[in-house]
Amino acid sequence: MKTAAFIFDVDGTLAETEEAHRQAFNATFAAAGLDWHWDAPLYGELLKVTGGKERIRAFLERAYPGVVMSDESIVGLHRQKTKAYGDIIVGGGVPLRPGVRELIQFAKLQGIKTAVATTTNLPNVDALCVAFWGEPAGAVFDVIAAGDEAPRKKPAPDIYTIALDRLGLEPKDCIAFEDSRNGLLSAKSAGLRVVVTPSQYSTGEDFTEADLFLPDLTGFDVAHFTRAPAEGLENP
């Protein structure tokens, strides 16, 4: 089976960005005069909710039951948070995860298409790509599916379905790369083979359904993965 495309999640998969997201949320809350502060354990819980705006709503329901914030206010907060995150990324404090740059370069040399399927929004993906490749996401990846394009967020398969449609490929011809259980379930629901490399905030999650489990992408061998039957691959 020849692999025609690699489809990448972004946050936690391409880079350990979640801590930068947490810092950006907290800076945005402080600038807005809100006494909210998301420490690492709380943020780890909130990451079970996919999507930044959705995460804010989940926090409100958890910490301030009965308090209502308008959709417009949440969108405004998230817009400022996106800017704060971009500033952090441009500052260069977040490296690519091991093996990512080499795998994307390998794909280009081998004629394997590359795509992004992420719940983070396009400005965040662009900021990451500019920081690491000096170009926006559309110049690095063949296809981008990001943010609110999907009617349902991960673990629903919608964002992967969009990426597959834009690639013009069948799921069997592609490999997805994820770091979280929600992402794994999303990709598997779309019919994809999935390689999981857990990140700082997803270590310890259940990745039983993964086709391959690795600490990072330096150990990924596409030729072996393509030949091996799913049931013979290493799982956590």
Which residues pass the side-chain hydrogen bond (donor to acceptor under 3.5 Å, both in side chains) test with E45, not counting sequence neighbours?
K48
Steps toward side-chain hydrogen bond (donor to acceptor under 3.5 Å, both in side chains) verdict (S202, S199):
CA-CA 5 Å; S202 65; S199 59; 3.2 Å; yes
Atom CG in D173, atom CZ in R193: separation rounded to 0.5 Å?
7.5 Å
Do the non-hydrogen side-chain atoms of F207 and L212 ever get within less than 4.5 Å of each other?
no
Can you check salt bridge (charged side-chain N to carboxylate O under 4.0 Å, His left out) on R152 and D158, steps first, answer last?
CA-CA 6 Å; R152 299 176 299 168; D158 302 34; 2.9 Å; yes
Ignoring hydrogens and angles, state whether a donor on the side chain of N121 or T82 is under 3.5 Å from an acceptor on the partner side chain.
yes
State plainly whether one hydrophobic cluster holds both V90 and L14, where clusters connect Ile, Leu, Val, Met, Phe, Trp and Tyr through side-chain heavy atoms under 4.5 angstrom apart.
no
If we only count heavy atoms from C-beta on, is the C174 to L169 side-chain gap below 4.5 Å?
yes
Quick check on Q200: does its CD atom have over 12 non-hydrogen neighbours (other residues, nucleotides or ligands) under 6.0 Å away?
yes
Looking at every heavy atom in both L217 and F177, which two are closest together, and how far apart are they?
CD2-CD2, 3.7 Å
Quick one: are L164 and I7 in side-chain contact, heavy atoms under 4.5 Å?
yes
Check whether any side-chain N or O of Q110 sits under 3.5 Å from a backbone N or O of A107 as a donor-acceptor pair, and report yes or no.
no
One should read off an interatomic distance between F6 CZ and I112 CD1, to the nearest 0.5 angstrom, of 4.0 Å
With hydrophobic residues grouped by side-chain heavy-atom distances under 4.5 Å, do L185 and L192 end up in a single group?
no
Looking only at non-hydrogen atoms, find the nearest pair between A58 and V49 and report the distance.
CB-CG2, 3.8 Å
For residues V94 and V130: do they belong to one hydrophobic cluster (side chain heavy atoms under 4.5 Å, members Ile, Leu, Val, Met, Phe, Trp, Tyr)?
no
Check step by step if salt bridge (charged side-chain N to carboxylate O under 4.0 Å, His left out) holds for K188 and D211.
CA-CA 9 Å; K188 293 302 287 185; D211 295 287; 2.8 Å; yes
Sequence neighbours excluded, which residues qualify as side chain to side chain contact (heavy atoms under 4.5 Å, CB included) partners of A27?
none
Strictly distance-based, threshold 3.5 Å: is any side-chain N or O of E205 a donor or acceptor partner for the main-chain N or O of R181?
yes
Using atom types as modelled and distance alone, determine if a side-chain donor or acceptor of R101 lies under 3.5 Å from a backbone N or O of L96.
no
Gap between atom OG1 of T119 and atom CD of E149 - 0.5 Å precision
12.0 Å
Enter the distance from E19:CD to R22:CZ here, rounded to the nearest 0.5 Å.
4.0 Å
Side-chain (S70) to main-chain (S73) donor-acceptor, under 3.5 angstrom:
yes
Could you report the tightest heavy-atom contact between A115 and L167, atom names first, then the distance?
CB-CD1, 4.0 Å
Hey, what do you get for CZ (R55) to OG1 (T50), rounding to the nearest 0.5 Å?
7.0 Å
Any side-chain heavy atom of N124 within less than 4.5 Å of one from V10?
no
Just jot down the side-chain hydrogen bond (donor to acceptor under 3.5 Å, both in side chains) partners of R57, sequence neighbours excluded, or say none.
D71
Ion pair D9/K154, N-O distance below 4.0 Å
yes
Verdict with supporting geometry, L184 and E209, side-chain contact (heavy atoms from CB on, under 4.5 Å)
CA-CA 8 Å; L184 166 63; E209 299 89 344; 3.8 Å; yes
Side chains of V125 and T118, heavy atoms from C-beta outward: is any pair under 4.5 Å?
yes
Shortest non-hydrogen contact from G191 toward P171
O-CB, 3.3 Å
Are side-chain heavy atoms of F213 and P198 found at a separation under 4.5 Å?
yes
For the student: nearest non-hydrogen atoms of F141 and C129, plus distance:
CE1-SG, 3.7 Å
Are I104 and L128 joined in one hydrophobic group, where the rule is that I, L, V, M, F, W and Y side chains link up if heavy atoms are under 4.5 Å apart?
yes
Do D216 and T197 have side-chain N/O donor and acceptor atoms under 3.5 Å apart?
no
Joint hydrophobic cluster, I89 plus L122, side-chain heavy atoms closer than 4.5 Å
yes
Applying side-chain hydrogen bond (donor to acceptor under 3.5 Å, both in side chains), name anything that partners K153, two or more places apart in sequence or on another chain.
E54, D148
From CA spacing to verdict: side-chain contact (heavy atoms from CB on, under 4.5 Å), F220, I175:
CA-CA 12 Å; F220 178 67; I175 299 172; 4.1 Å; yes
With salt bridge (charged side-chain N to carboxylate O under 4.0 Å, His left out) as the rule and sequence neighbours excluded, what pairs involving residues 73-85 come up?
K83-D87
Report yes if some heavy atom in the side chain of V196 is under 4.5 Å from a heavy atom in the side chain of V194; otherwise report no.
yes
Would you say the side-chain atoms of S186 pair up with the backbone N or O of N182, donor to acceptor, closer than 3.5 Å?
no
Given 3.5 Å as the limit, does a donor-acceptor pair link the side chain of D126 with the main chain of A137, or not?
yes
Residues sharing Y43's hydrophobic cluster, by side-chain heavy-atom contacts under 4.5 Å among ILVMFWY, directly or via others?
F25, F29, L34, W36, W38, L42, L46, L47, I56, F59, L60, Y64, V67, M69, I74, L77, Y201
Within the structure provided, determine whether T120 and Y85 are in side-chain contact (heavy-atom separation under 4.5 Å).
no
Taking every heavy atom of G99 against every heavy atom of T218, the minimum-distance pair comes out as N-CG2, 3.5 Å
